Protein chains: 2
Amino acid sequence: MARLSTKTEAASRGRLNRELVLGAAIALADDSGIESLTMRRLGEELGVEAMSLYNHVANKEDLLNAMVDAVFNEIELPLHSDDWKTAIRKRSVSFRDTLSRHPWATGLKDSGTNPGPATLRHHDRVIGTLRNAGFSIAMAAHAFSALDSYIYGFAMQEKNLPFHTQEETAAMAHAMLAQLPVNDYPYLAELTAEHVLQPGYSYGDEFPLGLDLLLDGLEGWLERHPGDRHPQGMLTESA
Amino acid sequence: MARLSTKTEAASRGRLNRELVLGAAIALADDSGIESLTMRRLGEELGVEAMSLYNHVANKEDLLNAMVDAVFNEIELPLHSDDWKTAIRKRSVSFRDTLSRHPWATGLKDSGTNPGPATLRHHDRVIGTLRNAGFSIAMAAHAFSALDSYIYGFAMQEKNLPFHTQEETAAMAHAMLAQLPVNDYPYLAELTAEHVLQPGYSYGDEFPLGLDLLLDGLEGWLERHPGDRHPQGMLTESA
DNA sequence: ACCTGAACACCGTTCAAGT
DNA sequence: ACCTGAACACCGTTCAAGT
């Protein structure tokens, strides 16, 4: 039979490699949550004993690091053809989407401690976009920190919400309102009743509002500090 | 005399209660990291077998929930005597400080899933401050989401940094620069060399910049939507 | 070169038994 | 009412042994 370059073929052949392990680990974390990702369970998923995984992965931490870098690889890089604000907004939305597809990646300490090549490239491109738009080094650092803090934090809050579908949201909000001592928390009760319980509410819709707040603020910075403008083309990169 | 650890204190008392368990758990997580917080280790710290803890705590999740709520209790509530911007800025800085004292609390899913009374009161006060400043319900929800996303995300990034002291930062940045393929990541290299490695650099200093970006943007919202002004004093609360 | 079985030092949690 | 010892069903990881 011709070779099918698929997971099943390789797995059934008893041939394992790092990429295969990584893919199965991400799929398992996506489908069953990061707490289901144990070496034994992952081995089972691949038709192999847990101990075999150590031939392709140094240890679990190495596996988690590689998973996070694979996630960063899914984020759209800012495009040189877009103006900086559009480019950064697009990649920020893509970042959020990616984290919401792989919620376990939010808050895994490894991106800060041991960034992989995809993570480094992503960071480099974002900083480069800001620099070429005229942000000084310090302002680019500030902007980068502010944007990514917001995106990470939003993804984390979204992940930790007790509801994810419209129905769950409504049910949860009703339950909360019923249990909540309304006199103790009048503003929380008001917000739950008249915002969260409104038809069509979805927490994810809050994302662009905060994002545009930051982007508009950054644009204001840039306009107020034209003297910091970075000589265009001093540092260029190929697409 | 040397300070008495909670261990000896609790052991000599021989009487355990929920508050004692909670305090020891928080101290252990602060000092040794959340991964060191196991029921067995916590029991040891309190001079008791792990199984005894279940007399005061339903299970580990219950313990973690209670720990998070205790952390929220440390955050300064917004003051009625301050204007909204000052009040929100102060509580935001206090929030960040608190999370940086208890980094393990960042990203513990429990605040969203099972908020305790301190968490609820904190949220209620923040929303109330915004409402009384003239934010509509929807705008208060947006503002709350944007601010807390930023604060959570900042705390998480700070927690996940591979360095915490000035010396560590410099050493780490030097090591990164040495290892980094500079041609692949020119902007990252530039930012590391000319920003992170500058004397006096501390990542924590980035916090107020992003915070003021958000607060100024929210103020702009408010000025542009005076029609949404909430009747003052309609909902009041006692301090 | 890759995979495995057995083993080690851990986890959270239960439960009957003690005081 | 509170604490304990033993036990259960898990973890990540090592290592000698197999192929």
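Basis for what follows: all heavy atoms, side chains included, without hydrogens, waters or symmetry-related copies. Predicted, not measured: the structure shown is a model, and the values here were computed from it. Sequence lines set the chain letters: A, B, ... in the order given, protein chains first and strands last, and positions in each chain run from 1.
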Engineer: Report the base-pairing partner of C:dA16 (Watson-Crick or G-U wobble, both distances below 3.5 angstrom), or none.
Structural biologist: D:dT4

Engineer: A:Tyr203 and B:Ser145: side chain to side chain donor-acceptor pair (under 3.5 Å), yes or no, with the steps?
Structural biologist: CA-CA 9 Å; A:Tyr203 180 68; B:Ser145 164; 2.8 Å; yes

Engineer: Which one, C:dA7, C:dT4, C:dT13, comes nearest to the side chain of A:Glu49?
Structural biologist: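 Within the option list, the nearest is C:dT4.
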
Engineer: Just to confirm, is there a sub-4.0 Å distance from OP1 or OP2 of C:dC2 to any side-chain nitrogen or oxygen of A:Ser52?
Structural biologist: no

Engineer: Between C:dC3 atom P and A:Leu46 atom CG, what is the distance in whole Å?
Structural biologist: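 These atoms are roughly 10 Å apart.
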
Engineer: Find the distance B:Arg40:CZ to C:dT13:C1' and express it as a whole number of Å.
Structural biologist: 9 Å

Engineer: D:dT4, C:dC3, C:dG12: which one has an atom nearest the side-chain heavy atoms of B:Thr38?
Structural biologist: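 The listed nucleotide nearest to B:Thr38's side chain is C:dG12.
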
Engineer: Ignoring the backbone of B:Met51, work out which of D:dA6, C:dG5, D:dC11 is nearest its side chain.
Structural biologist: D:dA6

Engineer: Would you say the side-chain atoms of B:Lys60 pair up with the backbone N or O of B:Leu37, donor to acceptor, closer than 3.5 Å?
Structural biologist: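 Such a contact is found between B:Lys60 side chain and B:Leu37 backbone.
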
Engineer: I need the CG-C1' distance between A:Asp62 and D:dG12, as an integer number of Å.
Structural biologist: 14 Å

Engineer: Can you measure B:Asn55 atom CG to C:dT14 atom C1' for me and round it to whole angstrom units?
Structural biologist: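 After rounding, the reported distance stands at 13 Å.
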
Engineer: Is the number of heavy atoms from other residues, nucleotides or ligands within 6.0 Å of CD (B:Gln198) greater than 12?
Structural biologist: yes

Engineer: Start at the 5' end of DNA chain D and walk down; is the nucleotide closest to B:Ala50 or to A:Met39 reached first?
Structural biologist: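 So the residue in question is B:Ala50.
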
Engineer: Between atom CG in B:Leu53 and atom P in C:dC11, what is the gap in whole Å?
Structural biologist: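 To the nearest whole Å, that distance equals 13 Å.
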
Engineer: Where the side chain of A:His56 is defined as all heavy atoms beyond and including C-beta, which of C:dC11, D:dT13, C:dC3 is the nearest nucleotide?
Structural biologist: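 Of all the options, the side chain of A:His56 is nearest to C:dC3.
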
Engineer: Can you tell me which nucleotide in C:dC11, D:dT13, D:dC11 comes closest to the side chain of A:Asn59?
Structural biologist: D:dT13

Engineer: Can you measure A:Leu63 atom CG to D:dT13 atom C1' for me and round it to whole angstrom units?
Structural biologist: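 Checked: the CG to C1' distance equals 14 Å.
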
Engineer: From D:dC15, D:dT4, C:dG12, pick the nucleotide closest to the side chain of B:Tyr54?
Structural biologist: C:dG12

Engineer: Across all strands, who's sitting opposite D:dC11 as a Watson-Crick or G-U wobble pair, both distances under 3.5 Å?
Structural biologist: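 Matched D:dC11 with nothing under the 3.5 Å cut-off.
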
Engineer: Are A:Phe95 and A:His122 an aromatic pair by the rule of ring centers under 6.0 Å?
Structural biologist: yes

Engineer: In whole Å, I'd like the distance from the CD atom of B:Glu44 to the P atom of D:dC3.
Structural biologist: 17 Å

Engineer: Just checking B:Glu61: does its CD atom have more than 12 heavy atoms from other residues, nucleotides or ligands closer to it than 6.0 angstrom?
Structural biologist: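 No - once you tally the heavy atoms of other residues, nucleotides and ligands closer than 6.0 Å, there are 12 at most.
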
Engineer: Ignoring the backbone of A:Leu16, work out which of D:dC3, C:dC3, D:dT13 is nearest its side chain.
Structural biologist: C:dC3

Engineer: Quickly work out the A:Arg41 CZ to D:dA9 P distance and round it to whole Å.
Structural biologist: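 Going from CZ in A:Arg41 over to P in D:dA9 covers 19 Å.
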
